[in-house]
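Below you'll find the structure, written out as structure tokens, and then a few comments.
We number each residue from 1, following the sequence as shown. These numbers come from the heavy atoms of this one structure, side chains and all, not from hydrogens, waters or symmetry mates.
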Amino acid sequence: MALHRAIKKGLFRQESNTLFPLVSSSVESLGLGSGTPANHNQSRFHGGGVPEFWGRDSPYHPGTEFLGTPKNHLDLVKKRPLSPHVFEVGEYKPHYKMPLAAISSVTNRATGVMLSVGAGAAGWTALTVGDLGVAIESFKQAYPLLVFPAKFAVAFPLVYHYLGGLRHLYWDHYKYGNQSERNSPLEFHAAERSSKMLLIGGTAGAAMLALM
């Protein structure tokens, strides 16, 4: 701002551009001299958007082809998902194996959504049909082979999400000490074990309920 006020007051003469070419060009590029708003996208830094020659040759450098950058690098960037290490991008396959703890965590959230959708569907059925019990009995008589899969689809989200909630309660109330001892339930191997128990327990519990 001080530079802008100095320029408006005429403290810098025109011939001073020969002494301060960088200052002059910077002022013009930012729009301070013309009264136009600054265009931050003109910046070649990461904070000002994608650089003009990013991912391809430019007058400043020969590019990154020698590092193995593919020819269609910019096209791949445009359709890149949030986690390119997990999902496939074009002809490039994922090279990161999602750990079991992440799978169990995603499943816990998915079962929560399933419970919400199921509760809404049950309420909608009760409001439209009139009696949810009658609708269930009609389904059992009409599609006897689908009774076990349907009961399992209802029981699994309930059992798994309940057990997942208990695991989170245990994690929240655990007395974490010296993390260098690597004995907390959030360590990799401990999280893997609890994830296996959660997946197996949720599946077994849902199957038992579906057989009843």
Side-chain angles (χ1 to χ4, degrees), residues 45-50 76-90 92-140 143-212:
F45 299 100
H46 291 289
V50 178
L76 293 176
V77 170
K78 292 179 182 178
K79 60 180 180 179
R80 181 173 59 187
L82 294 178
S83 187
H85 298 290
V86 179
F87 302 102
E88 180 178 349
V89 181
Y92 296 93
K93 305 299 181 181
H95 57 273
Y96 178 78
K97 182 180 179 181
M98 185 177 289
L100 188 60
I103 296 176
S104 66
S105 179
V106 172
T107 306
N108 189 34
R109 287 153 177 77
T111 52
V113 175
M114 294 169 64
L115 289 174
S116 299
V117 174
W124 179 82
T125 303
L127 290 174
T128 56
V129 176
D131 191 342
L132 185 61
V134 173
I136 294 175
E137 290 298 327
S138 300
F139 175 82
K140 292 169 65 175
Y143 308 99
L145 296 180
L146 297 180
V147 171
F148 177 81
K151 293 174 68 175
F152 183 85
V154 173
F156 179 76
L158 181 63
V159 175
Y160 187 93
H161 201 73
Y162 179 78
L163 295 178
L166 292 179
R167 182 174 69 162
H168 274 278
L169 284 177
Y170 172 69
W171 284 350
D172 293 340
H173 292 83
Y174 183 83
K175 302 299 182 181
Y176 295 94
N178 189 352
Q179 296 298 304
S180 62
E181 297 178 358
R182 304 180 66 85
N183 57 1
S184 75
L186 296 180
E187 290 293 333
F188 177 78
H189 296 293
E192 289 283 301
R193 286 195 301 269
S194 64
S195 298
K196 291 180 181 179
M197 295 173 59
L198 179 58
L199 291 168
I200 295 175
T203 304
M208 292 177 59
L209 290 177
L211 290 173
M212 294 175 62

Checklist entry - Side-chain contact, heavy-atom cut-off 4.5 Å: Y160 with S104? => result yes
Item to check | Polar side-chain atom of H161 near backbone of P157 as donor-acceptor pair, under 3.5 Å | outcome: no
Checklist entry - Do the side chains of L186 and Y176 get nearer than 4.5 Å, heavy atoms only? => result yes
Checklist entry - Considering all heavy atoms of both residues, which atom of F152 and which atom of A210 are nearest to each other, and what is their separation? => result N-CB, 3.7 Å
Checklist outcome for this item: Applying salt bridge (Lys or Arg N to Asp or Glu O under 4.0 Å) to E187 and not counting sequence neighbours gives R182
Next on the checklist: Give me the atom names and distance for the closest heavy-atom approach of S184 to A190.
Outcome noted: O-CB, 3.7 Å
Item to check | Listed partners of S105 passing side chain to side chain donor-acceptor pair (under 3.5 Å), at least two apart | outcome: R109
Checklist outcome for this item: Taking every heavy atom of A191 against every heavy atom of R167, the minimum-distance pair comes out as O-NH1, 4.0 Å
Next on the checklist: How long is the straight-line distance from OG1 of T203 back to CE of M208, given to the nearest 0.5 Å?
Outcome noted: 13.0 Å
Next on the checklist: What I'd like to find out is whether the side chain of L199 reaches to under 4.5 Å of the side chain of L100, using heavy atoms alone.
Outcome noted: yes
Checklist entry - Would you say Y143 has more than 12 foreign heavy atoms packed within less than 6.0 Å of its OH? => result no
Item to check | Heavy-atom closest pair, residues T125 and A135 | outcome: CG2-CB, 4.0 Å
Item to check | side chain to side chain contact (heavy atoms under 4.5 Å, CB included) evaluation trace for Y162 with L166 | outcome: CA-CA 6 Å; Y162 179 78; L166 292 179; 3.6 Å; yes
Checklist entry - Where does the angle between the aromatic ring planes of H168 and W171 fall among parallel (under 30°), tilted (30 to 60°) and perpendicular (over 60°)? => result perpendicular
Checklist entry - Can you tell me how far CG of N108 sits from CG of L198, rounded to the nearest 0.5 angstrom? => result 7.0 Å
Next on the checklist: Can you give me the closest heavy-atom contact between P99 and F188, atom names plus distance?
Outcome noted: CB-CE1, 4.2 Å
